[in-house]
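Please read these numbers as outputs of a predicted model, since none were measured by experiment. Here is the naming used below: chain letters follow the sequence lines, and residue numbers restart at 1 for every chain.
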2 protein chains.
Amino acid sequence: MTYQTTLVALADPTRRRLFERLRRRPHTVGELARLAAISQPAVSQHLRVLRQARLVGHRQDGTRRFYQATPAGLADLKRYLESMWDDVLGAYARSPEPRS
Amino acid sequence: MTYQTTLVALADPTRRRLFERLRRRPHTVGELARLAAISQPAVSQHLRVLRQARLVGHRQDGTRRFYQATPAGLADLKRYLESMWDDVLGAYARSPEPRS
DNA sequence: AGCTTATATAAGCAATGACTTACCAAACGA
DNA sequence: TCGTTTGGTAAGTCATTGCTTATATAAGCT
């Protein structure tokens, strides 16, 4: 049931942009704050949520922390989607044209 | 960029439970309200969000509307996850043990 | 026609959440 | 050692949101 945390974490646009940035290379908190044009505490708070969802991790180097994306959270969400997928396709196959 | 809507829709636990119920068989709004133990308007509001995310659709039969899950929204989210996956795995491969 | 059933929308409210500024501790550099 | 940099936490504010009750509409039923 851990995909709940992941969904909440990724549902916020700012937080998702942070995560997307961290999927390519590590960034420090300060870098992220500058790039996202929000305050450093705001970034720290978002990173805590992303950490709890296991979407990011960090390495410490002196006073700086290098955050980067981690596969665990995404894997949780992938598993959830896959567990839904067959049932949803089945339902749709039985009755393919419900108005949206 | 439509996965934004999907993420927000599925992030709410009540709404996700409604969606999960609709993945097996169609339900009317009244049935859902009774099963979820919330008011009918609350269900209608959740269903609107799920509709906008293309996670559910409905068929009308007299005064009743049979809602059921639809693959489009989930497909959006699947695509998004897959587009992230390789980069995240790559980042993790380069630096595999960041503290969470 | 009148009554009931089914659902959507409107309005209001209390809780949550995403930001801000203020502050703190820890590690660096002169 | 002292001032600076870095980032986490605390507290407060404002907007959002998930619920409720009230209301409107449309389709059965007698």
Side-chain angles (χ1 to χ4, degrees), chain A residues 4-22 25-70 73 95 98-100, chain B residues 4-22 25-70 73 95 98-100:
Chain A
Q4 163 69 27
T5 323
T6 314
L7 282 167
V8 170
L10 290 179
D12 180 75
T14 307
R15 210 150 46 211
R16 198 176 53 252
R17 262 177 262 126
L18 291 174
F19 169 72
E20 288 168 9
R21 200 178 286 281
L22 294 174
R25 64 169 188 82
H27 290 263
T28 65
V29 179
E31 280 172 0
L32 292 172
R34 193 168 38 75
L35 291 166
I38 55 178
S39 69
Q40 171 266 310
V43 171
S44 279
Q45 288 158 19
H46 282 310
L47 288 174
R48 175 169 45 188
V49 176
L50 290 170
R51 254 188 284 128
Q52 286 166 350
R54 303 190 303 162
L55 284 162
V56 304
H58 66 280
R59 235 171 323 100
Q60 190 145 2
D61 177 32
T63 68
R64 289 188 296 182
R65 281 149 175 159
F66 287 92
Y67 278 85
Q68 74 172 49
T70 288
S95 177
R99 273 175 254 139
S100 67
Chain B
Q4 164 69 26
T5 324
T6 315
L7 282 167
V8 169
L10 290 179
D12 180 76
T14 308
R15 210 149 46 210
R16 198 176 53 253
R17 260 175 263 125
L18 291 174
F19 169 72
E20 288 168 9
R21 199 177 287 281
L22 294 174
R25 64 170 190 82
H27 290 264
T28 66
V29 178
E31 280 171 359
L32 292 172
R34 192 168 37 75
L35 291 166
I38 55 179
S39 69
Q40 171 267 310
V43 172
S44 279
Q45 289 157 18
H46 283 310
L47 288 173
R48 176 168 46 186
V49 175
L50 291 170
R51 255 188 283 127
Q52 286 165 351
R54 303 189 303 162
L55 284 162
V56 305
H58 67 278
R59 234 171 323 102
Q60 190 145 1
D61 178 32
T63 69
R64 290 187 296 181
R65 282 150 158 115
F66 287 91
Y67 278 84
Q68 73 171 51
T70 287
S95 176
R99 273 176 254 138
S100 67

Ignoring the backbone of [X], work out which of [options] is nearest its side chain.
{"X": "Thr28(B)", "options": "dT7(C), dT21(C), dA22(D)", "result": "dT7(C)"}
{"X": "Ala42(B)", "options": "dT20(D), dT20(C), dA8(C)", "result": "dT20(D)"}
{"X": "Thr63(B)", "options": "dA6(C), dA26(C), dT7(C)", "result": "dA6(C)"}

Below the 4.0 Å mark, does [N] have OP1 or OP2 next to a side-chain nitrogen or oxygen of [X]?
{"X": "Ser44(B)", "N": "dA8(C)", "result": "yes"}
{"X": "Arg48(A)", "N": "dG7(D)", "result": "no"}
{"X": "Tyr67(B)", "N": "dA6(C)", "result": "no"}
{"X": "Ser39(A)", "N": "dT20(C)", "result": "yes"}

Residue pair Ala36(A) / Leu18(A): nearest heavy atoms and the distance that separates them: CB-CD2, 4.3 Å
DNA chain C: 5'-proximal contact among Arg51(B) and Arg15(A) (nearest heavy atom): Arg51(B)
[X] [atom1] to [N] [atom2], straight-line distance once rounded to whole Å:
{"X": "Asp61(A)", "N": "dG29(C)", "atom1": "CG", "atom2": "P", "answer": "10 Å"}
{"X": "Asp12(B)", "N": "dT17(D)", "atom1": "CG", "atom2": "P", "answer": "11 Å"}
{"X": "Arg34(A)", "N": "dT6(D)", "atom1": "CZ", "atom2": "C1'", "answer": "14 Å"}
{"X": "Arg59(B)", "N": "dA6(C)", "atom1": "CZ", "atom2": "P", "answer": "17 Å"}
{"X": "Phe66(B)", "N": "dT5(C)", "atom1": "CZ", "atom2": "P", "answer": "17 Å"}
{"X": "Leu47(A)", "N": "dT6(D)", "atom1": "CG", "atom2": "P", "answer": "16 Å"}
{"X": "Arg65(B)", "N": "dT9(C)", "atom1": "CZ", "atom2": "P", "answer": "8 Å"}
{"X": "Arg64(A)", "N": "dA25(C)", "atom1": "CZ", "atom2": "C1'", "answer": "18 Å"}

Identified side chain to side chain contact (heavy atoms under 4.5 Å, CB included) counterpart of Leu10(B) within the set Glu20(B), Arg15(B), Arg16(B): Arg16(B)
Leu32(A) vs Leu22(A) side-chain heavy atoms within contact, under 4.5 Å: yes
Heavy-atom side-chain contact between Asp12(A) and Val49(A) under 4.5 Å: no
Aromatic contact, His27(A) with Tyr67(A) (centres under 6.0 Å): no
Any donor-acceptor N/O pair under 3.5 Å between dT20(D) base and Gln45(B) side chain: yes
N/O donor-acceptor pair, side chain Gln40(A) with base dT5(D), under 3.5 angstrom: no
